[in-house]
Amino acid sequence: MKSKYFQYSHLLLLFIFLMAACKDDDYSIPDAGTALQNDCIKRSLGPNMVGLKIEFAYAMALPKTKGNLVSAQVEASIAGASTTYLENNSYYTNGSGVDVAVPIGLPSVNDGAVTTVTFNVDTSAATLRYYYVVPEAARGKTVSFTFSAKSSDGAIVSYKMGPYDVPKMDYKLNMVVTDGANCYVSIADMAVYDQADAALNADKIDLVYLYRSLTPLIFEHALVAPAADAQYRPGVTLPSGVNKNTKVLKVYGLQDRDLSNLQYNEYVDDLDFQQLDLSTAANFAINLKVEAGVWVETADGKYRAYIFVNSVSAGTTKQMTISMKRYLL
Amino acid sequence: MKIHKIIKHIAIKHHFVLAASFFLLISIFAGCKKDEPIDEDGLLITTRTECAVTNFELLGTDFVTVRSKTAVIDTIAGTINVEVLFGTDLKNLYPQFTLSQDAKLDPKITGKVDFSDMTNPKVYTVISGNRKVRTPFTIFITVQTPTL
């Protein structure tokens, strides 16, 4: 009885060993392809805003015995802005980790939505970078790309990328607001006006910038709606007709990469504006510091915006540099 | 010989029955522990009777404190007096309570709270760990006054 009992135990142990031995095979270098082949990655991150570049790296290669590369092209579903290009350099990374460019052909040519590079060197492998500058026509739509390469043996390969959303929002960087001078902010125009221009654009003025040192209060840099209580805009005489009651919600640490001059890795996107609830927001934000920001909704409910504080300076200058993303509701 | 095999078979069977019974017994004992009492929120009810606010904080929409000085907590009177900075958006504040051990707060704080109605100050009730003592705390907010 005992021996039979142990026989089962051995079987159980054997099964456990078998299971433990089931590990993945080691990596082995794949065999090179026997024909022209291609691959593509999207290198840029974040919202694909109008005016910004979407960057791709497109790789193509064929065995040396089959011939060489003749041309590469990209077709976008919506023609890019005129500055869209496919680089005529291929890159390799040297021992120091630096990308080194190797010219492979003439500069690219744009023909409508198609961008082409024709090779003029004898090469059987290349990785070209494609920079699609998002056009105004793509705002609020999606855009797709078809990359293709042609080799001297007549082979053609292609690779599809996308679709990618193009957000509705706009942006404007590094606007300087100065206390008592260019202190009137228009969301509609994404601009800053002085007293005289504010009077001419009174219906577009959404915020007033001011700096006050009111010890023991902490006031300093502020963005307030023209209709805010006078105690939040002491000493400010508004131009005639500047009276909007803009909603303002103060935040801190929302460091949008686009607005912070590519310093951080967060993004404000269309979705943030769509989900924003400013129903109980105030109409002023005081004591703003560097990297603080305000969510804004215009009095007519037409626009929402996020204003990021890039820098502040007190002393005699009393200035703030701001950047803005704006969403049309 | 045949009888010998049958006896062997019965012995093995008996062995497994014993083992199974043993595990069953262990499972039953492991399952028979006394249940700890929990409340409707799934929190442990203990024997503690302390019912106090030990610290109070108010954060603005930027999650930075809006207090101009430390909040004054009167456990006997059940009041919390806090002065906030000039320009505080009273409609959008995040209160934070630190309570005595095992106590809980009613109503629960689930997000922003509107403190703008100063004539009707907010009242929060602290419930002791044994869930038998309830102490209301009224929050009185004053705003720094501008000296323009």
Side-chain angles (χ1 to χ4, degrees), chain A residues 1-9 12 210-225 228-236 246-255 276-296 306-309, chain B residues 1-20 22-23 57-70 82-96 109-118 122 141-148:
Chain A
M1 182 205 86
K2 269 186 182 172
S3 64
K4 196 166 186 178
Y5 181 72
F6 280 116
Q7 208 171 19
Y8 288 129
S9 305
L12 181 67
L210 66 155
Y211 175 89
R212 297 288 182 272
S213 179
L214 303 172
T215 312
L217 303 182
I218 305 170
F219 195 100
E220 301 195 343
H221 303 273
L223 283 170
V224 301
D229 193 294
Q231 66 176 333
Y232 300 121
R233 44 180 181 81
V236 174
T246 311
K247 289 175 179 168
V248 182
L249 189 83
K250 186 177 162 187
V251 293
Y252 186 77
L254 179 51
Q255 301 147 319
L276 188 64
D277 179 9
L278 293 180
S279 57
T280 61
N283 55 6
F284 60 89
I286 69 172
N287 189 26
L288 292 168
K289 299 179 187 307
V290 176
E291 297 190 353
V294 286
W295 291 104
V296 179
Y306 177 65
I307 297 175
F308 179 73
V309 180
Chain B
M1 185 65 181
K2 225 175 184 179
I3 293 166
H4 181 66
K5 264 189 177 175
I6 289 165
I7 291 168
K8 242 185 180 177
H9 183 72
I10 289 168
I12 291 167
K13 218 173 173 183
H14 182 68
H15 188 84
F16 278 110
V17 168
L18 267 176
F22 178 68
F23 282 115
E57 180 61 280
L58 265 181
L59 304 177
T61 53
D62 52 1
F63 300 110
V64 175
T65 186
V66 295
R67 285 182 300 100
S68 59
K69 53 183 82 164
T70 307
V82 57
E83 184 187 81
V84 297
L85 297 166
F86 173 72
T88 297
D89 176 4
L90 294 175
K91 285 190 173 181
N92 296 288
L93 292 176
Y94 295 92
Q96 287 183 339
I109 296 165
T110 55
K112 289 186 288 192
V113 179
D114 183 353
F115 284 94
S116 61
D117 185 1
M118 298 217 194
K122 295 273 177 201
I141 291 181
T142 53
V143 183
Q144 258 188 326
T145 317
T147 50
L148 304 174

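Being a predicted model, the structure only gives us computed values, none of them experimental. In what follows, every chain begins at residue 1, and chains take the letters A, B, ... in the order their sequences are listed.
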Which residue is it: B:T61, B:N92, B:V64? I am looking for the one with a side-chain contact (heavy atoms from CB on, under 4.5 Å) to A:K250. B:T61
Contacts of B:L90 that satisfy side-chain contact (heavy atoms from CB on, under 4.5 Å) - sequence neighbours left out: B:V84, B:T88, B:L93, B:S116, B:M118, B:I141, B:V143
Quick one, A:T280 and B:K112 - any side-chain contact, counting heavy atoms below 4.5 Å? yes
Nearest-0.5 Å distance that lies between atom CG in A:L254 and atom CG in B:D62: 11.5 Å
When rounded to the nearest 0.5 angstrom, what distance separates CG in A:N287 from CZ in B:F86? 11.5 Å
Using side-chain contact (heavy atoms from CB on, under 4.5 Å) as the criterion, list what pairs up with A:V224, not counting sequence neighbours. A:V208, A:L210, A:A222, A:A228, A:Y232, A:R233, A:F284
About how many Å separate CG of A:L249 and CG of B:D89, when rounded to the nearest 0.5 Å? 7.0 Å
